[in-house]
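Everything numeric here is computed off the predicted structure, so don't read it as measured data.
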Amino acid sequence: MKRLALTLVALLLATPAQADTLVDNVNGITLDKDGKVVRFTGMVIGTDGKVKQLLDRKDKRPERPDFKEDGKGRTLIPGMIDAHGHLMGLGLSLMLLDLSETRSLAEAQAAIKKYADENPELPWIIGRGWNQEKWGLGRFPTAADLDAVVPDRPVWLERVDGHAGWANSAAMTAAKITAATKAPEGGRIEMVDGKPAGVFVDAAVALIDSAKPKPLARDLDRAFLAAQQQLLAQGITAIADMGTTIQEWQAYRRAGDKHQLAIRILSYGGDIDNMALIAGPGPTPWLYDDKLRMVGVKLYLDGALGSRGAWLKAPYSDAPGQKGLPLLTPAQLRNKMVRASMDKFQVAIHAIGDAANAEALDAITDLTADLPGERRWRIEHAQIVDPADIPRFAKLGVIASMQPIHQPSDRLMAEARLGAERLKGAYAWRSMENAGVRLAFGSDVPVESANPFPGIAAAISRTDAQGQPFGGWHPEEAVSRETALDGFTRSAAYAAFAEDRLGTLMPGMRADFLIVDTDLLLASPEDIRKMVPLETWIGGYRYYKKGG
């Protein structure tokens, strides 16, 4: 913990552009406003941090730029925009117990015990990242599994997808959970022999969450700086923060006030209450030189596939009695959508199961006629969609905000949960694209790493880090390199009403870009997966240099 604290202290200092900056001798790649590839060898950045001119090899260079950067023939691409992430979730995960790399229950127990022994002053052991599917456990873990290693303090561990939590007996006692405790609507308490087993799904997570210590403002400030440093190193220059709370927004504002805000945050309030508290009568203006804006609201319609909380039309193949959980009634969903839309907030609906996606589309259909104007409805994840519903996305102008890296991570679990027949609409990027649906790509960090390059590799190959399965999983759903790049840049900006300033490197746009060592449009999936940013620039300032 002490070593970690030292790494969170400072934000990397930017290299300022005093006036016009020339970045020359590069293999430049961007998309234009229509998504066509544009190549260039030099770029002039104005004093306002915007692209002033793209230069071809034969074009005359400015004679005396105030700052000149020699790209040494390396590749320059637009900064990556993560269209769906949880910024503070990433930061807090870097400060808490992380179980995402554990491969078995025994390995997780050892990590939990080690963390508890090393941090005797902590009143609760809090962490995240467990995944019983990855462990091959064949069941949910239990409170008894935790009691065996930490019997004396409450332990509360969030599942990797954020849609379930694992508590020990002390945590359940602290939260006053008994055999008589009822799960709230939209939630489930896993039971064994008539008693709570220790796992709480979706809305039931709040039963334990309400009892655990809340992070202080200084904890959120440290978490934000930790997350920002990691994102800069991974090439993320902007992120759609899905589910921002008032406390998190205040941390972002404090960072902006202190000139510590480097990345651009496109914020979606965590339900209506946070939206209204933060932004009031409508979306905020752009703040801190286009670094922060509240665009809309995030609504949860169902849970996740891994915890069987995703709402399906037919029962789970591996749990015939379960179809998942709708988290909102039809009336609640429509009321929230109307409330947000009347004040011109954009609505982003979390929908993973095919029933949830169908219900989201039904609600949009019901409201579109009465809510004129460009709404840019978003469905977040759109993981399992009935093929018959895919054309409805295009007809209604709904943006499919998807996370390519989920597909290789979820492949085996999805096969078990759904069976072969329902996989036809699973992670269906090409089918969406062919139907005319706008695709915005992200990571769902910290559920997955925010590193966009494995996501791009998955999008074009449908394979995992080991290149499996050979030939790709349902390879007919792979997309082109251009589409994958577009999803992480131009369309990710469009999905947040930011296409007038972010997402491409055409003149007039913000100069957010990366220097990398590989041509993204020519490299193999294996080489793309290994790509790392050598430099990350935002608004004409260099905020990160590898090894610097």
Side-chain angles (χ1 to χ4, degrees), residues 82 84-96 126 128 156 158 162-163 165 184 186 202-203 205-228 231 238-288 290-301 327-328 332 335-350 378 380 444-446 496-498:
D82 192 320
H84 182 115
H86 306 279
L87 184 54
M88 201 60 77
L90 168 60
L92 291 171
S93 74
L94 294 172
M95 297 167 59
L96 302 174
I126 299 173
R128 68 171 311 281
W156 179 235
E158 193 176 90
H163 286 270
D202 287 313
V205 164
L207 296 172
I208 304 286
D209 262 346
S210 61
K212 76 177 185 183
K214 301 293 187 289
L216 302 174
R218 62 173 174 266
D219 299 323
L220 295 178
D221 291 347
R222 290 175 61 226
F224 167 71
L225 291 180
Q228 179 169 254
L231 293 175
I239 185 169
D241 186 44
M242 286 292 164
T244 310
T245 66
I246 181 64
Q247 293 83 5
E248 292 165 356
W249 177 265
Q250 289 170 330
Y252 305 153
R253 291 297 304 263
R254 287 192 294 272
D257 292 343
K258 295 174 185 175
H259 306 287
Q260 293 178 327
L261 187 55
I263 61 170
R264 304 189 192 278
I265 304 172
L266 308 161
S267 172
Y268 290 76
D271 218 304
I272 298 297
D273 289 348
N274 282 296
M275 177 198 82
L277 275 172
I278 293 166
T284 69
W286 288 93
L287 305 170
Y288 309 113
D290 292 350
K291 293 291 181 66
L292 179 63
R293 184 184 186 223
M294 172 153 282
V295 185
V297 64
K298 162 80 176 297
L299 305 177
Y300 279 97
L301 187 49
L327 302 181
L328 296 170
Q332 288 171 333
N335 287 341
K336 289 174 184 286
M337 292 170 66
V338 169
R339 167 67 181 84
S341 297
M342 287 179 65
D343 286 335
K344 296 183 169 54
F345 288 100
Q346 187 186 16
V347 175
I349 304 171
H350 166 114
R378 297 176 55 140
E380 305 302 312
D444 203 14
V445 65
F497 284 95

Name the atoms and distances for all side-chain donor-acceptor pairs under 3.5 Å in residues 337-345, with sequence neighbours left out.
| residue | atom | partner | partner atom | Å |
| --- | --- | --- | --- | --- |
| Arg339 | NH1 | Asp343 | OD2 | 2.9 |
| Ser341 | OG | Met337 | O | 2.8 |

Only pairs under 3.5 Å count here: list side-chain donor-acceptor contacts from residues 205-218, not counting sequence neighbours, and write none if there are none.
| residue | atom | partner | partner atom | Å |
| --- | --- | --- | --- | --- |
| Asp209 | OD1 | Trp156 | NE1 | 3.0 |
| Asp209 | OD1 | Lys212 | NZ | 3.2 |
| Ser210 | OG | Ala206 | O | 3.1 |
| Ser210 | OG | Leu207 | O | 3.2 |
| Lys214 | NZ | Asp209 | O | 3.3 |
| Lys214 | NZ | Lys212 | O | 3.4 |

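Within the structure, the salt bridge (Lys or Arg N to Asp or Glu O under 4.0 Å) test picks out the following pairs touching residues 238-263 (sequence neighbours left out): Asp221-Arg254. The stretch residues 259-274 participates, sequence neighbours left out, in these salt bridge (Lys or Arg N to Asp or Glu O under 4.0 Å) pairs: Arg264-Asp512, Asp271-Lys336. Legend: salt bridge (Lys or Arg N to Asp or Glu O under 4.0 Å) pairs involving residues 85-94, not counting sequence neighbours: none detected.
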Side chain to side chain contact (heavy atoms under 4.5 Å, CB included) assessment of Thr244 paired with Lys298
CA-CA 8 Å; Thr244 310; Lys298 162 80 176 297; over 6 Å; no

Quick one: do Leu261 and Leu287 satisfy side chain to side chain contact (heavy atoms under 4.5 Å, CB included)? Show the steps, please.
CA-CA 11 Å; Leu261 187 55; Leu287 305 170; over 6 Å; no

Determine, stepwise, if the pair Val445 / Ile239 fulfils side chain to side chain contact (heavy atoms under 4.5 Å, CB included).
CA-CA 10 Å; Val445 65; Ile239 185 169; 4.0 Å; yes

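Taking Tyr252 as the reference, Phe224 meet the ring-ring contact (aromatic ring centres under 6.0 Å, His included) condition, with sequence neighbours excluded. In this structure His86 satisfies the ring-ring contact (aromatic ring centres under 6.0 Å, His included) test together with His84, sequence neighbours excluded. Not counting sequence neighbours, the partners of Gln332 by the side chain to side chain donor-acceptor pair (under 3.5 Å) test are Thr329. For Ala348, the side-chain contact (heavy atoms from CB on, under 4.5 Å) partners two or more places apart in sequence, or in a different chain, are Met242, Tyr268, Arg378, Glu380.
Classified by interplanar angle (parallel below 30°, tilted 30° to 60°, perpendicular above 60°), the ring pair His163/His350 is tilted.
Here the shortest heavy-atom pairing between Val295 and Ala496 reads CG1-O, 3.7 Å. The two residues Met88 and Ala223 come nearest to each other via the heavy atoms SD-CB, 3.7 Å. Among all heavy-atom pairs drawn from Asn274 and Thr245, the shortest one is OD1-CA, 3.3 Å. A pairwise comparison of heavy atoms in Tyr288 and Gly256 identifies CE2-C, 3.4 Å as the closest pair.
For the pair Leu266 and Phe497, the minimum side-chain heavy-atom distance is 4.5 Å or more.
Side-chain N or O atoms of Arg128 include one that pairs as donor or acceptor with a backbone N or O of Pro446 at under 3.5 Å. Proximity of a side-chain donor or acceptor of Lys291 to a complementary backbone N or O of Ile265 within less than 3.5 Å is not detected.
Put simply, the residue from Asp82, Leu92, Ile263 that forms a side chain to side chain contact (heavy atoms under 4.5 Å, CB included) with Leu87 is Ile263.
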